[in-house]
S.K.: 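Quick one: the structure is below, questions incoming.
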2 protein chains.
Amino acid sequence: MIRTHEAGTLRKEHAGQQVTLAGWVGRRRDHGGVTFIDLRDASGTAQVVFREDEAAHDLRSEFCVKVVGEVRVRPPGNENPELPTGDIEVAATDIEVLSESAPLPFPIEGDVNVNEEIRLKYRYLDLRRDAVAQAMRIRSEASFLTHEVMREHGFVNVETPTLTRSTPEGARDFLVPVRLKPGHWYALPQSPQLFKQLLMVGGMERYYQIARCYRDEDFRADRQPEFTQIDIEMSFVEQDDVLRVGEDLIARLWKDIAGYEVPRPIPHITYADAMARYGSDKPDLRFGNELTDMTEYFADTSFRVFQAPYVGAVVMPGGGSQTRKELDGWQDWAKARGARGLAYVLVQEDGTLGGPVAKNLSDTEKEGLAAKTGAAPGDAIFFGAGKRHATQELLGAARLEIGRRRGLIDESAWNFVWVVDAPIFEPVENDRGEQIGWTSVHHPFTAPKPEFADTFHEDPGSALADAYDLVLNGNEIGGGSIRIHRAEMQQRVFDVLGLSKEEAESQFGFLLEAFKFGPPPHGGIAFGWDRTVMLLAGQATIRDVIGFPKAASGLDPLTAAPTTITPAQRKEAGIDVIPEDAPAEG
Amino acid sequence: MIRTHEAGTLRKEHAGQQVTLAGWVGRRRDHGGVTFIDLRDASGTAQVVFREDEAAHDLRSEFCVKVVGEVRVRPPGNENPELPTGDIEVAATDIEVLSESAPLPFPIEGDVNVNEEIRLKYRYLDLRRDAVAQAMRIRSEASFLTHEVMREHGFVNVETPTLTRSTPEGARDFLVPVRLKPGHWYALPQSPQLFKQLLMVGGMERYYQIARCYRDEDFRADRQPEFTQIDIEMSFVEQDDVLRVGEDLIARLWKDIAGYEVPRPIPHITYADAMARYGSDKPDLRFGNELTDMTEYFADTSFRVFQAPYVGAVVMPGGGSQTRKELDGWQDWAKARGARGLAYVLVQEDGTLGGPVAKNLSDTEKEGLAAKTGAAPGDAIFFGAGKRHATQELLGAARLEIGRRRGLIDESAWNFVWVVDAPIFEPVENDRGEQIGWTSVHHPFTAPKPEFADTFHEDPGSALADAYDLVLNGNEIGGGSIRIHRAEMQQRVFDVLGLSKEEAESQFGFLLEAFKFGPPPHGGIAFGWDRTVMLLAGQATIRDVIGFPKAASGLDPLTAAPTTITPAQRKEAGIDVIPEDAPAEG
């Protein structure tokens, strides 16, 4: 090593020792012919003092230097209690510039707000900032703990292929041309789903992987084209067994990294309950302020807007005093979500109801309204009316917005909940909103709950899946299901989906073939690792916990990838070859 | 769990207990109305006994079943000492078929030799075989130990991107079209080389990753288009520091998995020495039988064949009694390696020399030959003459072949050696064998050894690299170097390579840009994980330690990938778009 000590480890007991440090020049102060420099390395920072040293004059920010000097206790009154090394300084006797630095595009030290595109273009400088480096270290430690927990539970870490076959999983595949078979393409996997099920057929019984996955989706604020998931699959298990492993993992991560003891078992809420009470399949339970189902209440209403299959309400505490402009703002908010608006009633301090909707309600309707919704004088009540699911989602979003605006959310709280009993199928609708079939909510291998095993095909809309999602503070961080392992049941699912034998064969052929050879009952779960670590590390976006993330545009400001390619590359990879047996349409 | 016990864990002390097992039907024996079945799960096998049970009659191989029964001590004389559960059996009271199995393409049990293409097509059945599953478990454990060792050494596990920019690293890149920027392509990384260096610029100081890498190479027996490497990079280090970390990792793996204490420090051999003595840059030191440099010996020879820049010899113990056919076989062997043949001399029992070469040698040459080469009566001496490097390689290959044929290699031995002091540059030759320039032996960021730092550009052919390879039993399992971190030195390397500023900029622009901002001295190493685990697990090919390998053809018999794609996929991914700024040639 070209240094004897790490800067951040020096303490009073090193006083008198000759040390060699290496790191970067941080803050610098010149004071009466003496130069003070914060020397930073990965372990922390130490103050280095140069007395009448010419060399020190040329040191600029982020020069990489090697310093030889003696550790001294700082003069009384000069200690810095905020720095672990604040009791000492290093009196430099020799300095060597290992490499110089050009002027920086943004300062490394201090909490400066820098445009994200610039941060990502100079990610290597961004990574020198304390908070950013710290997030990387948390991710590393979380990954290690995952390996440790899974090994303790007897899981085998298997690396599955990433050059594989295109499979239909909802999103678009990234494609890779194959030189050895011109005109043929590998796909990058959206998840190891099929391989993990094959490992169960292979008798591996307990598999996990920290797996890179790929989805060519349109970019939203918090998506990346490549992402990581903790992928887990088990044989001879029922739902509870999978949940227990998932909880063991999550509990260890939160305990060892956040110092938080996750209450066990993590509570369950049904999908129907989550939608009814919180208007979300990933409810944020850090606060109450639940939705009220008003459908019965308004069953006989003469107000046309509320003559709907579902009417619901959510209260905004203190919302009664909102200005006209604020109330109009809610209408725009709702319209941005595709709703017509957000009906509301203001509960006056005397208990009477204000706002435009109130005059459309009967006296009876008005009288019981506050009690029914739990609103108090000074509150506003927002209403949604229409199709159940979409309306609940609108009210759920309003609830979250209310929570944020009113400070109802305890930002220091951790709230974990399993959302269970989601439907297996959801209707496929045509442009006119008429149902034309069914599609899988998860994927076609999701098993029904045992009580629906024999009958799900008779009433697909009522059948519940043996599936589960783990939700933390309103974020889905994991999800999975028990899989179908019986050919007869799988066939009934394909029948509901309207998938012919040929279609099923062409889409899932190699998995169906494998299932002919004694597949075990199995199930699993996957955690979205970027989002999980983001929450665990208290970061705002998944980009903060990824070493070299793509920008929100989906492109890479650092390497300027993707790039054009040469005609020779096209030719060699067989990109322009269209094999005779390639599909002509679709 | 749908079982109470794992089959392989049952012992005498479970006798009398009611257990529920689940697993696969293995060997089956019917005997006097009683059916004996080996029930196999991931933990092992237990014998299950069915007495006059109709259900048992229908059980076929690899049915997946659940069995309820009582554990009993086997009748005296019926124990199976080769089975950990051999003292007991389970008297079945209930059986449930969880799923049936079609007839198998190959038997799961027993050491049957199955065509590899078939094994890979039904990899999920192959994985049910003990030895195959065991190799997967060893890999999993080796990966865990790696995480443990690296964490103990303070390394941060960072996941680097796999959708990135095409960079020139010797092999072809796999390409990925990008829908969001039609006509532009990501490349899959051949290694995280540039990112790991950026992490050092970013002050991460100690980085590692078990990284998936991609090379679109022509397939040889033991290559895969995607492979895994343990990727390590450190700042503020010299060669010894990197080697120590590498040895710590390797020593832990071999100790904990193979029960072998790697002698520390692992010995070093220079590249020049390895070539001179073993004719290989990855010498197998499990046996001696070294090459002898005969150039001086034949300096004044009148035998035209030996009038060459280099003449070397290797002895084949006992080779003097080879038949004419065997000796002719060596000529074919040499021709298959691109040589003209393999000159030889046979040392007769009386010490005289036989074979066609002997008559071309002077008496003096003949007299000292056996002593010079170390040959004894009854041995053969093979000769190579020509350009030094190629001839040494031919003799090195002959040495290995001799070792195998003569049983000189101790197959149970582990021999680790660091090969150091390789040249930085090697000549680029034209079709006529004339040197037209220089290329990097490793990559252009490899630093020269300190003693060549100021002068390497004046005599590139003599300059040695601050680089190192770890060789185990003649296999290169790891390699790395100290990197250049000074712009001035990097420029001299580009000058030697004949790379203009513009070319360097277009190939490595973002790394060179990063190096403007105080890069630290750094270096690293990468282990080829598939090959390392293959050796550790005692397997014959890397495919044996990969969950779902591609076949030797580079294609995937399991999923039948790669596949054709649809016109809609082509259009959506922008595959046929050629941007105006794309290169028109090359």
Side-chain angles (χ1 to χ4, degrees), chain A residues 1-3 22 24 42 62-64 99 101-102 124 127-128 137 140 143-144 147 151 156-158 160-161 163-165 174 176 178-181 184-186 198 201-203 205 216 225-226 236 241 485 510 514 516-520 547-548 554 559 561-562 564-566 568 579 582-583 586, chain B residues 1-3 22 24 42 62-64 99 101-102 124 127-128 137 140 143-144 147 151 156-158 160-161 163-165 174 176 178-181 184-186 198 201-203 205 216 225-226 236 241 485 510 514 516-520 547-548 554 559 561-562 564-566 568 579 582-583 586:
Chain A
M1 299 289 296
I2 71 174
R3 64 187 170 201
W24 288 269
E62 300 305 316
F63 274 32
C64 186
S99 65
S101 176
Y124 43 86
L127 286 167
R128 287 192 194 165
R137 286 172 196 279
S140 175
S143 293
F144 180 78
H147 290 299
R151 178 168 174 264
V156 183
N157 181 359
V158 181
T160 56
L163 293 175
T164 182
R165 187 188 172 98
F174 281 107
V176 183
V178 178
R179 182 175 53 85
L180 293 171
K181 202 173 179 186
H184 291 71
W185 301 65
Y186 280 122
L198 290 178
V201 177
E205 290 193 11
D216 184 9
E226 54 180 317
F236 304 120
D241 304 303
H485 71 281
F510 65 95
K516 292 178 183 163
F517 298 98
F548 297 95
T559 66
T564 56
I565 57 175
T566 65
Chain B
M1 298 291 294
I2 71 174
R3 64 186 170 200
W24 287 270
E62 300 306 316
F63 274 33
C64 186
S99 65
S101 176
Y124 43 86
L127 286 167
R128 287 192 194 166
R137 286 172 198 280
S140 175
S143 293
F144 181 77
H147 290 300
R151 178 165 173 267
V156 184
N157 181 358
V158 180
T160 56
L163 293 175
T164 183
R165 186 188 174 99
F174 281 109
V176 183
V178 177
R179 181 175 54 85
L180 294 172
K181 201 172 179 185
H184 291 70
W185 301 65
Y186 280 122
L198 290 178
V201 178
E205 289 193 12
D216 185 10
E226 53 180 319
F236 304 119
D241 304 304
H485 71 281
F510 65 97
K516 292 177 185 162
F517 298 97
F548 297 95
T559 66
T564 56
I565 58 174
T566 65

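Keep in mind that what you see is a predicted model, and the values were worked out from it rather than measured. In the text below, chain A, chain B and the rest are named by the order of the sequence lines, each starting its count at 1.
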S.K.: Examine distances only and state if a side-chain atom of Ser99(B) and a backbone atom of Pro519(A) form a donor-acceptor pair shorter than 3.5 Å.
M.R.: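 Yes, the answer is positive, given that a donor and an acceptor are paired below the 3.5 Å cut-off.
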S.K.: What part of Arg151(A) is in contact with chain B, defined as an atom under 4.5 angstrom from a non-hydrogen atom: side chain, backbone, both or neither?
M.R.: side chain
S.K.: When rounded to the nearest 0.5 angstrom, what is the spacing between CG in Leu198(A) and CG in Leu127(B)?
M.R.: 9.0 Å
S.K.: Could you tell me the separation between the CG atom of Leu163(A) and the CD atom of Glu226(B), rounded to the nearest 0.5 Å?
M.R.: 4.5 Å
S.K.: Answer with side chain, backbone, both or neither: which region of Val201(A) has an atom nearer than 4.5 Å to a non-hydrogen atom of chain B?
M.R.: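 For Val201(A), backbone and side chain are both near chain B.
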S.K.: Val156(A) versus chain B, heavy atoms under 4.5 Å apart: side chain, backbone, both or neither?
M.R.: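 Interface part for Val156(A): both.
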S.K.: Looking only at non-hydrogen atoms, find the nearest pair between Pro583(B) and Thr564(A) and report the distance.
M.R.: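 Minimum heavy-atom separation between Pro583(B) and Thr564(A): CD-OG1, 3.3 Å.
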S.K.: Rounded to the nearest 0.5 Å, what separates atom CZ in Phe517(A) from atom CZ in Phe63(B)?
M.R.: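 The CZ atom of Phe63(B) is 12.0 Å from CZ of Phe517(A), to the nearest 0.5 Å.
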S.K.: Is chain B contacted by the side chain of Trp185(A), its backbone, both, or neither, given a heavy-atom distance below 4.5 Å?
M.R.: both
S.K.: At a heavy-atom separation under 4.5 Å, does Pro520(A) approach chain B through its side chain, its backbone, both, or neither?
M.R.: both
S.K.: Which one of Gly203(B), Pro579(B), Ala42(B) has the most heavy-atom pairs closer than 4.5 Å to chain A?
M.R.: Ala42(B)
S.K.: With chain A as the partner, which of Glu62(B), Arg137(B), Arg3(B) has the greatest number of non-hydrogen pairs under 4.5 Å?
M.R.: Arg3(B)
S.K.: Side chain, backbone, both or neither: which part of Val176(B) has a heavy atom under 4.5 Å from chain A?
M.R.: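 Both backbone and side chain.
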S.K.: Kindly compute the distance separating OG1 (Thr559(B)) from OH (Tyr186(A)), expressed to the nearest 0.5 Å.
M.R.: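 Reported value, rounded in 0.5 Å steps: 7.5 Å.
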S.K.: Grab the two heavy atoms, one from Ile565(A) and one from Ala582(B), that are nearest each other, plus how far apart they are.
M.R.: O-CB, 4.3 Å
S.K.: Does any N or O in the side chain of Arg179(A) come within less than 3.5 Å of the main-chain N or O of Asp216(B), such that one atom is a donor and the other an acceptor?
M.R.: yes
S.K.: Under a 4.0 Å N-O cut-off, is there an ion pair linking Glu205(A) with Arg128(B)?
M.R.: no
S.K.: I'd like to check the salt bridge (charged side-chain N to carboxylate O under 4.0 Å, His left out) partners of Arg165(B); sequence neighbours left out, ordered by chain and number.
M.R.: none
S.K.: My understanding is that only residues two or more places apart in sequence, or in another chain, count here; which of them pass side-chain hydrogen bond (donor to acceptor under 3.5 Å, both in side chains) with His147(A)?
M.R.: Tyr208(A), His147(B)
S.K.: Would the distance check show the side chain of Ser140(A) and the main-chain N or O of Asn157(B) forming a donor-acceptor pair, the cut-off being under 3.5 Å?
M.R.: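 It does hold such a pair.
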